[in-house]
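To start, the structure under review is shown below, and the notes come after it.
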Amino acid sequence: MTHLWVRAEQRENEERVGLTPEGAAALIKAGVRVTVEQSSVRAIGLQGYKDAGCDIAAENAWPTAPSDAIIFGLKELPEDGTPLTHRHIMFGHAFKGQPSGRILLDRFKAGGGTLYDLEYLVDETGRRVAAFGYWAGYAGAAVTVRCWIAQQRSSIAGPVGVFQSSAALLDDLKSEIATVNAALPNALIIGALGRVGTGAADLLEALGISVTKWDMAETASGGPFPEVLEHALFLNCILARPGTPVFVPETAKAANRNLTVIGDIACDPDSDFSPIKVYDRTTTWDVPALRVHDAPPLDVTAIDNLPSMLPVESSQDYAGQLLPSLLTLGSLQTGVWARAENTFQDHL
């Protein structure tokens with residue numbers, strides 16, 4: 001029997017989960033054993049999983065799970081260097097040259113385990129079967145606007161937190177903007193036709209912000225792109241990969257520009273392929289903005305778990321997209337799982 005073990009998230013500010021109680025019930029009905037760890041932070045309560053028929057395990061007990069269990073989480077494991085013996089489903093951030101990813105792959109190699117990276121679960125056409133993209137874009141645009149609001153107050157953005165709904169987040173932003181004595185900024189989104197860009201555009205347009213939407217056609221020339229500097233806000237919604245052009249070069253800091261806030265929603269600053277060259281590290285919930293230049297200011301926000309600001313909506317959306325693939329876990333040698341394992345073995 002296939003055994004899926006849903007672990008508690010151990011990363012700070014991470015309340016999401018990739019399986020809802022309704023999805024767990026569907027898996028159990030299909031013959032999959034589901035174990036769910038207790039969690040002190042998960043946005044969806046444990047009782048629903050109990051009612052669905054899941055086995056319940058102690059929080060963070062996954063290292064002692066049966067050897068045939070498939071461990072399912074979203075974000076990174078604790079960086080304790082231990083060999084990884086299980087099969088894991090998660091976002092590994094390990095295939096683009098990231099230093100931490102190299103360490104993670106070494107742990108899998110030492111333990112003989114397998115990584116099914118959620119970013120690389122793709123269909124026959126190469127399109128991802130599930131993504132948090134829309135909510136990353138929505139929340140990332142919200143943080144970008146918060147950075148702009150802080151600049152109007154001659155300050156820098158303070159901590160961000162969790163909202164119970166997207167409507168609550170939007171209302172909060174509208175209230176903050178109403179206190180600012182300045183015209184609304186304009187914004188440029190690159191990757192506007194994708195899920196991330198769509199979420200970003202929806203948030204900005206709901207606030208009345210004028211949005212210029214670019215995608216592959218507008219960036220096919222390879223740059224440079226002076227239009228980026230002509231907008232007050234720039235939101236990068238394109239994943240870094242070989243061949244991605246540079247959108248914001250290092251020289252942009254001292255250039256003549258209207259640009260004051262960069263929302264790098266794709267958020268891959270330590271990748272060799274990052275299109276944003278004015279910063280080199282992610283930002284955090286406690287310190288969401290990194291000031292890379294003064295007079296005029298240029299702030300970068302690059303939080304790598306943005307959908308966690310809206311943990312219930314983003315979890316429900318993502319889990320619904322992923323469930324059809326989870327229902328095929330009994331056939332790991334075919335389809336999305338086989339493709340993901342091949343990608344892992346290539347990088348290992």
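These numbers were taken from a predicted model, which means no experiment stands behind them.
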Cluster check Met90, Val17: I/L/V/M/F/W/Y, side chain < 4.5 angstrom:
no

According to ring-ring contact (aromatic ring centres under 6.0 Å, His included), does anything in residues 238-267 pair up with another residue at least two apart or in another chain? List the pairs.
Phe225-Phe247

Decide yes or no on ring-ring contact (aromatic ring centres under 6.0 Å, His included) for Trp5 and His86, but give the supporting numbers first.
CA-CA 11 Å; Trp5 184 293; His86 290 93; 8.0 Å; no

Determine the minimum heavy-atom distance between Glu230 and Asn186, stating which atoms define it.
O-ND2, 3.9 Å

Could you tell me whether the side chain of Arg257 and the main chain of Pro296 form a donor-acceptor pair under 3.5 Å?
yes

Is there a path of hydrophobic side-chain contacts, each under 4.5 Å between heavy atoms, that joins Ile238 and Leu259?
yes

Check whether more than 12 heavy atoms from other residues, nucleotides or ligands sit under 6.0 Å from atom CG of Asn256, and answer yes or no.
no

Kindly determine whether Tyr116 and Trp337 satisfy ring-ring contact (aromatic ring centres under 6.0 Å, His included), including the steps that lead there.
CA-CA 7 Å; Tyr116 298 99; Trp337 305 108; 5.7 Å; yes

For the pair Ser274 (side chain) and Asp270 (backbone), establish whether a donor and an acceptor sit closer than 3.5 Å, ignoring hydrogens and angles.
no

Is it true that a side-chain atom of Glu59 and a backbone atom of Ala8 form a donor plus acceptor pair closer than 3.5 Å?
no

Is there a path of hydrophobic side-chain contacts, each under 4.5 Å between heavy atoms of I, L, V, M, F, W or Y residues, that connects Ile149 with Leu204?
yes

Any Lys/Arg nitrogen of Asp55 or Arg33 sitting under 4.0 Å from an Asp/Glu carboxylate oxygen of the other?
yes

Sidechain N-carboxylate O distance under 4.0 Å for Glu313, Arg16
no

Is it true that Trp148 and Asp299 share a donor-acceptor pair across their side chains at a distance under 3.5 Å?
no

For Ile71 against Ala65, the heavy-atom pair lying closest together
CD1-CB, 3.9 Å

Return the CG to OH distance between Leu310 and Tyr138, rounded to the nearest 0.5 Å.
7.5 Å

Counting C-beta onward and ignoring hydrogens, is there a side-chain heavy-atom pair between Arg291 and Pro297 closer than 4.5 Å?
yes

Electrostatic pair Arg7-Glu37, nearest N-O below 4.0 angstrom
no

Side chain to side chain contact (heavy atoms under 4.5 Å, CB included) assessment of Leu19 paired with Leu326
CA-CA 9 Å; Leu19 181 69; Leu326 293 177; 4.0 Å; yes

Glu12 CD: over 12 foreign heavy atoms closer than 6.0 Å:
no

Please list, one pair per line, the donor and acceptor atoms closer than 3.5 Å that link side chains of residues 108-115 to other protein atoms, with sequence neighbours excluded.
none

Write down the atom of Ala187, the atom of Ile209, and the distance for their closest heavy-atom approach.
CB-CG2, 4.2 Å

More than 12 non-hydrogen atoms from neighbouring residues, nucleotides or ligands closer than 6.0 Å to CZ on Arg102, yes or no?
no

When you measure from the side chain of Glu218 to the backbone N and O of Asp215, does any donor-acceptor pair fall under 3.5 Å?
yes

Check ion pair Glu176-Lys174 (N to O, under 4.0 angstrom):
no

Using side chain to side chain contact (heavy atoms under 4.5 Å, CB included), reason through Leu170 and Leu203 one step at a time and then give a plain yes or no.
CA-CA 7 Å; Leu170 186 61; Leu203 181 283; 3.8 Å; yes

Contact summary for Leu329 and Leu332, nearest pair of heavy atoms
O-CG, 3.3 Å

For the residue pair Phe132 and Phe91, categorise the inter-ring angle as parallel (less than 30°), tilted (30 to 60°) or perpendicular (more than 60°).
tilted

With no hydrogens and no angle check, is any side-chain donor or acceptor of Arg42 less than 3.5 Å from a backbone partner on Gln38?
no

Determine whether Tyr49 and Ile44 make a side-chain contact, defined as any pair of heavy atoms from C-beta on separated by less than 4.5 Å.
yes

Less than 3.5 Å apart, any donor N or O on the side chain of Thr212 or Glu227 sitting next to an acceptor on the other?
no

By side chain to side chain donor-acceptor pair (under 3.5 Å) - contacts of Asp123 (at least two apart)
Thr125

What are the two closest non-hydrogen atoms of Ala252 and Val248, and how far apart are they?
CB-CG1, 3.6 Å

Interatomic distance, OG1@Thr343 vs CG@Leu348, rounded to 0.5 Å, equals 12.0 Å

With hydrophobic residues grouped by side-chain heavy-atom distances under 4.5 Å, do Val36 and Val32 end up in a single group?
yes

Cys54 and its side chain to side chain contact (heavy atoms under 4.5 Å, CB included) partner, picked from Val34, Leu46, Leu27
Val34

CD of Glu250: more than 12 outside heavy atoms within 6.0 angstrom?
yes

Would you sort out whether Glu341 and Arg339 count as a salt bridge (charged side-chain N to carboxylate O under 4.0 Å, His left out), showing the intermediate values?
CA-CA 5 Å; Glu341 182 172 1; Arg339 286 187 284 272; over 6 Å; no

Nearest 0.5 angstrom please: Ile276 CD1 to Ile262 CD1, how far?
5.5 Å

Please give me the minimum heavy-atom distance between Val300 and Thr283, naming the atom from each residue.
O-CG2, 3.7 Å

For the residue pair Ile177 and Val145, establish whether any side-chain heavy-atom pair is separated by less than 4.5 Å.
yes

Is the shortest side-chain N to carboxylate O distance from Arg107 to Asp80 below 4.0 Å?
yes

Taking Arg153 for its side chain and Ser155 for its backbone only, find out whether a donor-acceptor pair lies under 3.5 Å.
no

Would you say that more than 12 heavy atoms from the other residues, nucleotides or ligands in this model lie under 6.0 Å from the CD of Gln345, or not?
yes

Would you compute the distance between atom CG of Asn13 and atom CG of Leu306 and round it to the nearest 0.5 angstrom?
11.0 Å

Can you tell me if Thr244 uses its side chain to pair, donor with acceptor, with the backbone of Arg241 under 3.5 Å?
yes

Side-chain donor or acceptor of Gln151 paired with backbone N/O of Thr260 under 3.5 Å:
yes

Side chain Thr20, main chain Gly23, donor-acceptor under 3.5 Å:
yes

Starting from the C-alpha separation in whole Å, work towards a yes-or-no answer on side-chain hydrogen bond (donor to acceptor under 3.5 Å, both in side chains) for Glu14 and Ser308.
CA-CA 6 Å; Glu14 188 52 80; Ser308 297; 2.7 Å; yes

Looking at CD of Gln47 and CD1 of Ile56, how far apart are the two atoms once the value is rounded to the nearest 0.5 Å?
8.5 Å

Rounded to the nearest 0.5 Å, how far does OG1 of Thr328 lie from CG of Leu323?
10.0 Å

Whether Ser315 side chain and Pro311 backbone form a donor-acceptor pair below 3.5 Å
yes

Please check if Ile265 and Phe273 belong to a single hydrophobic cluster, counting links between Ile, Leu, Val, Met, Phe, Trp and Tyr side chain heavy atoms closer than 4.5 Å.
no

Pair Ser100-Glu79, side-chain hydrogen bond (donor to acceptor under 3.5 Å, both in side chains): steps then yes or no:
CA-CA 9 Å; Ser100 60; Glu79 295 181 354; 5.0 Å; no

